[in-house]
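In what follows, chains are A, B, ... by sequence order, proteins preceding strands, each numbered from 1.
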Amino acid sequence: MTIHSLYIYDRHCACVYYQDWHRTRRPKLAVEGGIMPAVSQAVSAHPAEINQPSLSTAGSTRNTLSSGSGAAASDSPSPLLQTPVSAASALMTSGPITSTGLSFDEEAKLVYGVILSLRNMIRKLSGRDEQFVNYRTSAYKLHLFETISGYKFVMLSDPNTDSLRFVLRQIYVGPFLEYVTRNPLVSMDSTERGIDNEYFRSSVDRLVRGMSIFA
Amino acid sequence: MAIFGLWVINKAGGLVYQRNFADGLAQLTSNEYLVLAGTLHGIHAITSRLSPMGPSSGAQVIEGESFKMTILLTATGTKFVLLTSLAELSAESILQKVHEAYADAVMKNPFHTPEMPIRSEGFDLRISFLIGNGQM
(Lines give C-alpha, C1' and ligand atoms only; values in the text may rest on other atoms or scores of the structure.)
Protein backbone atom coordinates (compact mmCIF):
# COMPACT_ATOMS: atom_id res chain seq x y z
CA MET A 1 0.00 0.00 0.00
CA THR A 2 1.39 3.28 -0.96
CA ILE A 3 0.78 6.67 -2.46
CA HIS A 4 2.16 7.62 -5.85
CA SER A 5 1.35 11.20 -6.70
CA LEU A 6 -0.69 14.31 -5.99
CA TYR A 7 -2.03 16.82 -8.52
CA ILE A 8 -3.85 20.04 -7.62
CA TYR A 9 -5.89 21.88 -10.26
CA ASP A 10 -7.48 25.29 -9.93
CA ARG A 11 -10.86 26.29 -11.31
CA HIS A 12 -9.27 27.41 -14.55
CA CYS A 13 -8.44 23.77 -15.37
CA ALA A 14 -4.72 24.42 -14.88
CA CYS A 15 -2.41 22.21 -12.88
CA VAL A 16 -1.05 24.39 -10.06
CA TYR A 17 0.84 21.81 -8.03
CA TYR A 18 2.39 18.37 -8.46
CA GLN A 19 4.27 16.06 -6.13
CA ASP A 20 5.13 12.38 -6.32
CA TRP A 21 6.49 9.67 -4.04
CA HIS A 22 7.03 6.09 -5.16
CA ARG A 23 6.74 6.24 -8.89
CA THR A 24 8.54 3.89 -11.25
CA ARG A 25 6.87 5.10 -14.41
CA ARG A 26 7.53 8.79 -14.87
CA PRO A 27 6.44 11.37 -17.39
CA LYS A 28 9.00 13.30 -19.42
CA LEU A 29 9.73 16.90 -18.45
CA ALA A 30 7.04 19.33 -19.47
CA VAL A 31 7.61 21.12 -22.75
CA GLU A 32 8.43 24.80 -22.55
CA GLY A 33 5.29 26.76 -21.79
CA GLY A 34 3.35 23.56 -21.22
CA ILE A 35 2.87 24.13 -17.51
CA MET A 36 2.96 27.27 -15.39
CA PRO A 37 6.01 28.08 -13.28
CA ALA A 38 5.89 27.01 -9.61
CA VAL A 39 4.03 23.74 -10.13
CA SER A 40 6.84 21.32 -9.45
CA GLN A 41 10.58 21.58 -9.95
CA ALA A 42 10.79 17.86 -10.64
CA VAL A 43 8.89 18.07 -13.92
CA SER A 44 9.47 21.66 -14.97
CA ALA A 45 11.29 22.50 -18.17
CA HIS A 46 13.20 25.24 -16.34
CA PRO A 47 14.62 23.91 -13.09
CA ALA A 48 16.29 27.27 -12.40
CA GLU A 49 13.01 29.14 -12.18
CA ILE A 50 13.69 30.38 -8.66
CA ASN A 51 16.31 32.81 -9.92
CA GLN A 52 13.81 34.70 -11.99
CA PRO A 53 14.41 38.43 -11.62
CA SER A 54 10.77 39.11 -10.75
CA LEU A 55 11.16 36.99 -7.65
CA SER A 56 14.54 38.08 -6.40
CA THR A 57 13.71 41.77 -6.60
CA ALA A 58 10.78 41.15 -4.32
CA GLY A 59 12.92 39.04 -2.04
CA SER A 60 14.21 41.89 0.07
CA THR A 61 10.76 43.02 1.11
CA ARG A 62 9.87 39.54 2.15
CA ASN A 63 12.41 39.12 4.88
CA THR A 64 10.15 40.72 7.39
CA LEU A 65 7.42 38.22 6.64
CA SER A 66 9.50 35.17 7.28
CA SER A 67 11.77 36.56 9.98
CA GLY A 68 9.86 34.59 12.60
CA SER A 69 11.05 31.35 11.09
CA GLY A 70 14.64 32.58 10.90
CA ALA A 71 15.07 30.58 7.75
CA ALA A 72 15.41 33.23 5.09
CA ALA A 73 18.86 34.35 4.05
CA SER A 74 18.93 37.94 2.96
CA ASP A 75 19.94 37.26 -0.63
CA SER A 76 17.57 34.40 -1.41
CA PRO A 77 13.83 34.63 -2.00
CA SER A 78 11.56 33.76 0.89
CA PRO A 79 10.85 30.08 1.37
CA LEU A 80 7.20 31.03 1.38
CA LEU A 81 7.48 31.55 -2.35
CA GLN A 82 10.59 29.62 -3.18
CA THR A 83 10.05 26.48 -5.20
CA PRO A 84 12.41 23.83 -3.93
CA VAL A 85 14.14 21.33 -6.15
CA SER A 86 12.34 18.19 -5.17
CA ALA A 87 14.86 15.59 -4.20
CA ALA A 88 12.31 13.51 -2.35
CA SER A 89 10.58 12.24 -5.45
CA ALA A 90 13.50 10.30 -6.81
CA LEU A 91 14.80 9.02 -3.47
CA MET A 92 12.21 6.47 -2.53
CA THR A 93 11.70 4.79 -5.87
CA SER A 94 13.11 1.35 -6.29
CA GLY A 95 13.70 -0.65 -9.42
CA PRO A 96 14.14 0.66 -12.93
CA ILE A 97 12.33 3.88 -13.78
CA THR A 98 10.50 3.78 -17.08
CA SER A 99 8.79 6.54 -19.00
CA THR A 100 5.07 6.89 -19.62
CA GLY A 101 5.96 8.27 -23.05
CA LEU A 102 4.02 11.42 -22.23
CA SER A 103 5.40 14.79 -21.21
CA PHE A 104 4.20 16.05 -17.84
CA ASP A 105 1.92 18.72 -19.28
CA GLU A 106 0.20 16.15 -21.48
CA GLU A 107 -0.19 13.80 -18.54
CA ALA A 108 -1.64 16.57 -16.36
CA LYS A 109 -4.16 17.42 -19.06
CA LEU A 110 -5.18 13.77 -19.43
CA VAL A 111 -5.70 13.45 -15.67
CA TYR A 112 -7.84 16.57 -15.70
CA GLY A 113 -9.82 15.37 -18.70
CA VAL A 114 -10.52 12.05 -17.06
CA ILE A 115 -11.73 13.50 -13.75
CA LEU A 116 -13.84 16.13 -15.48
CA SER A 117 -15.51 13.59 -17.79
CA LEU A 118 -16.12 11.16 -14.94
CA ARG A 119 -17.50 13.93 -12.76
CA ASN A 120 -19.98 14.88 -15.48
CA MET A 121 -20.85 11.25 -16.13
CA ILE A 122 -21.56 10.53 -12.45
CA ARG A 123 -23.61 13.69 -12.19
CA LYS A 124 -25.63 12.81 -15.25
CA LEU A 125 -26.23 9.21 -14.25
CA SER A 126 -27.27 10.00 -10.69
CA GLY A 127 -29.49 12.91 -11.68
CA ARG A 128 -28.34 14.63 -8.49
CA ASP A 129 -25.40 16.78 -7.54
CA GLU A 130 -23.36 13.69 -6.80
CA GLN A 131 -19.55 13.76 -6.78
CA PHE A 132 -17.18 11.39 -8.49
CA VAL A 133 -15.06 9.82 -5.73
CA ASN A 134 -12.50 7.43 -7.17
CA TYR A 135 -11.72 4.83 -9.81
CA ARG A 136 -9.48 1.79 -9.76
CA THR A 137 -7.46 -0.03 -12.41
CA SER A 138 -5.22 -3.08 -12.02
CA ALA A 139 -2.21 -0.88 -11.20
CA TYR A 140 -3.46 2.19 -9.34
CA LYS A 141 -6.43 4.00 -7.84
CA LEU A 142 -7.28 7.65 -8.44
CA HIS A 143 -9.06 9.71 -5.78
CA LEU A 144 -10.69 13.11 -6.25
CA PHE A 145 -11.63 15.78 -3.74
CA GLU A 146 -13.12 19.02 -4.99
CA THR A 147 -13.47 22.17 -2.92
CA ILE A 148 -16.32 24.64 -3.26
CA SER A 149 -13.87 27.14 -4.70
CA GLY A 150 -13.19 24.77 -7.58
CA TYR A 151 -9.79 23.41 -6.53
CA LYS A 152 -9.46 19.75 -7.40
CA PHE A 153 -7.15 17.53 -5.38
CA VAL A 154 -6.23 14.32 -7.19
CA MET A 155 -4.24 11.52 -5.61
CA LEU A 156 -2.96 8.32 -7.18
CA SER A 157 -2.40 5.40 -4.85
CA ASP A 158 -2.09 1.67 -4.68
CA PRO A 159 -5.25 -0.08 -6.05
CA ASN A 160 -6.00 -1.75 -2.71
CA THR A 161 -6.30 1.37 -0.56
CA ASP A 162 -9.66 2.52 0.77
CA SER A 163 -10.99 5.93 -0.12
CA LEU A 164 -8.33 8.60 0.45
CA ARG A 165 -10.74 11.49 0.30
CA PHE A 166 -10.13 12.30 3.93
CA VAL A 167 -6.40 12.66 3.24
CA LEU A 168 -7.07 15.08 0.40
CA ARG A 169 -9.39 16.98 2.69
CA GLN A 170 -6.65 17.04 5.33
CA ILE A 171 -4.22 18.45 2.79
CA TYR A 172 -6.78 21.11 1.98
CA VAL A 173 -7.67 22.16 5.52
CA GLY A 174 -4.09 21.81 6.75
CA PRO A 175 -1.17 22.72 4.48
CA PHE A 176 -3.23 24.24 1.67
CA LEU A 177 -5.11 26.75 3.81
CA GLU A 178 -2.06 27.50 5.92
CA TYR A 179 0.65 27.91 3.26
CA VAL A 180 -1.31 28.75 0.13
CA THR A 181 -4.57 30.48 0.97
CA ARG A 182 -3.12 32.39 3.93
CA ASN A 183 0.15 33.06 2.16
CA PRO A 184 0.07 36.63 0.84
CA LEU A 185 2.88 35.84 -1.61
CA VAL A 186 0.93 33.20 -3.50
CA SER A 187 -1.27 34.77 -6.11
CA MET A 188 -4.37 32.62 -5.81
CA ASP A 189 -6.42 32.30 -8.94
CA SER A 190 -3.63 33.65 -11.13
CA THR A 191 -3.37 32.01 -14.48
CA GLU A 192 0.39 32.56 -14.59
CA ARG A 193 1.86 30.83 -11.55
CA GLY A 194 1.37 27.63 -9.62
CA ILE A 195 1.22 27.50 -5.84
CA ASP A 196 4.43 25.60 -5.11
CA ASN A 197 6.46 26.81 -2.12
CA GLU A 198 8.82 25.17 0.31
CA TYR A 199 6.54 25.20 3.35
CA PHE A 200 3.58 23.76 1.49
CA ARG A 201 5.67 21.04 -0.15
CA SER A 202 7.38 19.91 3.02
CA SER A 203 4.14 20.09 4.97
CA VAL A 204 2.31 17.91 2.42
CA ASP A 205 5.29 15.57 2.35
CA ARG A 206 5.19 15.19 6.15
CA LEU A 207 1.46 14.62 6.16
CA VAL A 208 1.59 11.94 3.45
CA ARG A 209 4.64 10.17 4.84
CA GLY A 210 3.07 10.14 8.29
CA MET A 211 0.07 8.13 7.15
CA SER A 212 -0.22 4.46 7.98
CA ILE A 213 -0.91 3.52 4.35
CA PHE A 214 2.31 5.15 3.17
CA ALA A 215 4.93 2.43 3.14
CA MET B 1 -27.71 -3.76 -2.42
CA ALA B 2 -29.18 -2.99 -5.77
CA ILE B 3 -28.34 -3.34 -9.43
CA PHE B 4 -29.34 -0.27 -11.41
CA GLY B 5 -28.34 -1.08 -14.96
CA LEU B 6 -26.32 -3.05 -17.47
CA TRP B 7 -24.54 -1.76 -20.55
CA VAL B 8 -22.75 -3.63 -23.30
CA ILE B 9 -20.31 -1.49 -25.28
CA ASN B 10 -18.80 -2.83 -28.50
CA LYS B 11 -15.12 -2.49 -29.35
CA ALA B 12 -15.72 0.77 -31.23
CA GLY B 13 -17.36 2.45 -28.23
CA GLY B 14 -20.97 2.04 -29.40
CA LEU B 15 -23.65 1.07 -26.92
CA VAL B 16 -25.21 -2.17 -28.19
CA TYR B 17 -27.29 -3.09 -25.14
CA GLN B 18 -28.68 -1.05 -22.28
CA ARG B 19 -31.17 -2.10 -19.67
CA ASN B 20 -32.33 -0.61 -16.37
CA PHE B 21 -33.26 -2.69 -13.33
CA ALA B 22 -33.77 -1.12 -9.89
CA ASP B 23 -34.75 2.54 -9.56
CA GLY B 24 -32.32 4.94 -7.96
CA LEU B 25 -30.51 6.58 -10.84
CA ALA B 26 -31.77 9.17 -13.30
CA GLN B 27 -33.84 7.97 -16.25
CA LEU B 28 -32.00 9.10 -19.35
CA THR B 29 -32.90 8.95 -23.02
CA SER B 30 -31.25 6.32 -25.21
CA ASN B 31 -29.31 9.08 -26.92
CA GLU B 32 -27.82 10.21 -23.60
CA TYR B 33 -26.83 6.65 -22.80
CA LEU B 34 -25.10 6.42 -26.18
CA VAL B 35 -23.07 9.55 -25.41
CA LEU B 36 -22.12 8.32 -21.94
CA ALA B 37 -21.01 4.95 -23.30
CA GLY B 38 -18.82 6.66 -25.88
CA THR B 39 -17.29 8.85 -23.17
CA LEU B 40 -16.63 5.84 -20.97
CA HIS B 41 -14.93 4.07 -23.85
CA GLY B 42 -12.55 7.01 -24.28
CA ILE B 43 -11.86 7.40 -20.56
CA HIS B 44 -11.17 3.71 -20.27
CA ALA B 45 -8.41 3.97 -22.88
CA ILE B 46 -6.85 7.03 -21.19
CA THR B 47 -6.86 5.56 -17.68
CA SER B 48 -4.60 2.71 -18.78
CA ARG B 49 -1.99 5.27 -19.89
CA LEU B 50 -1.87 7.23 -16.64
CA SER B 51 -0.34 4.45 -14.57
CA PRO B 52 2.40 5.58 -12.17
CA MET B 53 3.64 1.99 -11.70
CA GLY B 54 4.13 -0.19 -14.75
CA PRO B 55 1.52 -1.33 -17.24
CA SER B 56 -2.10 -1.01 -16.20
CA SER B 57 -5.53 -2.10 -17.34
CA GLY B 58 -8.21 0.49 -17.94
CA ALA B 59 -10.55 1.53 -15.15
CA GLN B 60 -12.21 -1.48 -13.53
CA VAL B 61 -14.40 0.19 -10.91
CA ILE B 62 -15.58 3.82 -10.94
CA GLU B 63 -17.22 5.06 -7.76
CA GLY B 64 -19.55 7.94 -7.03
CA GLU B 65 -21.04 8.74 -3.65
CA SER B 66 -24.01 6.39 -3.90
CA PHE B 67 -23.29 4.01 -6.76
CA LYS B 68 -20.43 2.45 -8.69
CA MET B 69 -19.77 1.24 -12.21
CA THR B 70 -17.95 -2.06 -12.57
CA ILE B 71 -16.35 -2.62 -15.97
CA LEU B 72 -15.37 -5.94 -17.49
CA LEU B 73 -13.24 -5.74 -20.63
CA THR B 74 -13.20 -8.97 -22.61
CA ALA B 75 -10.33 -10.17 -24.75
CA THR B 76 -12.24 -9.16 -27.87
CA GLY B 77 -12.65 -5.55 -26.72
CA THR B 78 -16.31 -5.72 -25.71
CA LYS B 79 -17.03 -3.97 -22.41
CA PHE B 80 -19.70 -5.04 -19.95
CA VAL B 81 -20.64 -2.32 -17.47
CA LEU B 82 -22.77 -2.93 -14.39
CA LEU B 83 -24.18 -0.02 -12.39
CA THR B 84 -24.75 -1.06 -8.79
CA SER B 85 -24.94 0.31 -5.27
CA LEU B 86 -21.60 0.71 -3.48
CA ALA B 87 -22.23 -2.25 -1.18
CA GLU B 88 -22.78 -4.71 -4.03
CA LEU B 89 -19.94 -7.22 -3.84
CA SER B 90 -21.03 -9.63 -6.55
CA ALA B 91 -20.75 -7.19 -9.47
CA GLU B 92 -17.69 -8.87 -10.97
CA SER B 93 -19.14 -12.37 -10.83
CA ILE B 94 -22.42 -11.14 -12.33
CA LEU B 95 -20.47 -9.58 -15.19
CA GLN B 96 -18.71 -12.90 -15.82
CA LYS B 97 -22.09 -14.58 -16.07
CA VAL B 98 -23.39 -11.83 -18.35
CA HIS B 99 -20.39 -12.47 -20.59
CA GLU B 100 -21.29 -16.15 -20.63
CA ALA B 101 -24.89 -15.35 -21.55
CA TYR B 102 -23.62 -13.00 -24.25
CA ALA B 103 -21.46 -15.72 -25.74
CA ASP B 104 -24.32 -18.22 -25.70
CA ALA B 105 -27.32 -16.13 -26.64
CA VAL B 106 -25.77 -13.43 -28.81
CA MET B 107 -22.57 -14.65 -30.43
CA LYS B 108 -24.00 -18.07 -31.26
CA ASN B 109 -27.13 -16.52 -32.72
CA PRO B 110 -26.86 -16.79 -36.54
CA PHE B 111 -29.18 -13.82 -36.97
CA HIS B 112 -27.03 -11.46 -34.95
CA THR B 113 -24.80 -8.99 -36.79
CA PRO B 114 -21.57 -8.42 -34.85
CA GLU B 115 -21.05 -4.93 -33.38
CA MET B 116 -24.73 -4.09 -33.87
CA PRO B 117 -27.38 -3.50 -31.18
CA ILE B 118 -28.45 -6.71 -29.44
CA ARG B 119 -32.07 -7.63 -30.10
CA SER B 120 -32.33 -11.12 -28.79
CA GLU B 121 -35.12 -12.48 -26.64
CA GLY B 122 -32.88 -15.28 -25.43
CA PHE B 123 -30.31 -12.81 -24.10
CA ASP B 124 -33.04 -10.70 -22.47
CA LEU B 125 -34.42 -13.79 -20.75
CA ARG B 126 -31.07 -14.91 -19.44
CA ILE B 127 -30.30 -11.44 -18.10
CA SER B 128 -33.70 -11.31 -16.40
CA PHE B 129 -33.00 -14.67 -14.85
CA LEU B 130 -29.55 -13.51 -13.69
CA ILE B 131 -30.41 -10.08 -12.32
CA GLY B 132 -34.19 -10.13 -11.89
CA ASN B 133 -35.50 -6.73 -10.82
CA GLY B 134 -32.13 -5.70 -9.45
CA GLN B 135 -33.06 -5.96 -5.78
CA MET B 136 -31.02 -8.58 -4.01
Side-chain angles (χ1 to χ4, degrees), chain A residues 2-7 20-27 93-98 100-102 106-144 154-159 163 165, chain B residues 2 4-7 9 13 15 18 20 22-29 31-73 79 81-86 91-92:
Chain A
T2 186
I3 286 170
H4 300 308
S5 50
L6 170 74
Y7 303 78
D20 60 32
W21 291 274
H22 312 97
R23 197 171 169 179
T24 57
R25 219 158 154 262
R26 307 187 61 83
T93 44
S94 55
I97 291 174
T98 54
T100 54
L102 295 165
E106 287 176 297
E107 182 187 88
K109 280 177 200 154
L110 283 181
V111 171
Y112 191 81
V114 166
I115 57 167
L116 201 77
S117 310
L118 283 175
R119 195 178 67 135
N120 291 341
M121 181 181 289
I122 297 283
R123 197 163 285 176
K124 187 122 205 184
L125 274 171
S126 68
R128 302 179 284 271
D129 198 17
E130 189 172 323
Q131 301 282 317
F132 157 64
V133 178
N134 60 51
Y135 76 76
R136 176 168 63 75
T137 76
S138 64
Y140 69 98
K141 188 166 180 175
L142 178 145
H143 312 259
L144 172 73
V154 180
M155 187 171 259
L156 268 63
S157 77
D158 187 271
S163 180
R165 238 183 170 189
Chain B
F4 301 119
L6 170 73
W7 303 355
I9 302 173
L15 188 66
Q18 188 274 323
N20 291 329
D23 294 330
L25 297 183
Q27 298 296 318
L28 304 177
T29 64
N31 215 8
E32 287 172 315
Y33 281 119
L34 268 171
V35 173
L36 287 180
T39 312
L40 186 68
H41 183 74
I43 292 172
H44 192 270
I46 296 173
T47 51
S48 67
R49 294 202 58 187
L50 293 178
S51 170
M53 299 292 277
S56 169
S57 70
Q60 291 171 332
V61 183
I62 300 171
E63 286 183 15
E65 283 167 320
S66 71
F67 72 100
K68 63 176 177 180
M69 310 166 74
T70 310
I71 302 165
L72 173 75
L73 177 69
K79 277 193 261 309
V81 184
L82 199 66
L83 289 89
T84 63
S85 57
L86 288 175
E92 261 132 48

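Within the 4.5 angstrom heavy-atom criterion, atoms from both the backbone and the side chain of A:Leu125 approach chain B. Within the 4.5 angstrom heavy-atom criterion, atoms from both the backbone and the side chain of B:Leu50 approach chain A. Looking at B:Leu40, the atoms closer than 4.5 Å to chain A (heavy atoms on both sides) sit in the backbone and in the side chain alike. At a 4.5 Å heavy-atom cutoff, B:Phe4 makes no contact with chain A through either its backbone or its side chain.
In this structure B:Glu32 satisfies the side chain to side chain donor-acceptor pair (under 3.5 Å) test together with A:Lys124, B:Thr29, sequence neighbours excluded. Checked against salt bridge (charged side-chain N to carboxylate O under 4.0 Å, His left out), B:Glu63 has no partners two or more places apart in sequence or in another chain.
Judged by distance alone, the side chains of B:Ser56 and A:Thr137 do bring a donor and an acceptor atom under 3.5 Å apart. In this structure, a donor-acceptor pair under 3.5 Å is present between the side chains of A:Arg128 and B:Ser66.
Taking chain B as the reference chain and counting heavy-atom pairs below 4.5 Å, the highest number among A:Ala139, A:Ser126, A:Ser138 is found for A:Ser138.
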### Query
So B:Val61 and A:Asn134, side-chain contact (heavy atoms from CB on, under 4.5 Å) or not? Walk me through it.
CA-CA 8 Å; B:Val61 183; A:Asn134 60 51; 6.0 Å; no
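Sparse packing is recorded around CG of B:Asp23, with 12 or fewer heavy atoms of other residues, nucleotides or ligands lying under 6.0 Å away. Within 6.0 Å of atom CZ in A:Arg119, more than 12 heavy atoms from other residues, nucleotides or ligands are found, so the atom counts as buried in its surroundings.
To the nearest 0.5 Å, atoms CD (B:Glu65) and CD1 (A:Ile122) are separated by 9.5 Å.
Residue A:Leu118 is tested with B:Ile43, B:Thr39, B:Thr47 for a side-chain contact (heavy atoms from CB on, under 4.5 Å); the sole match is B:Ile43.
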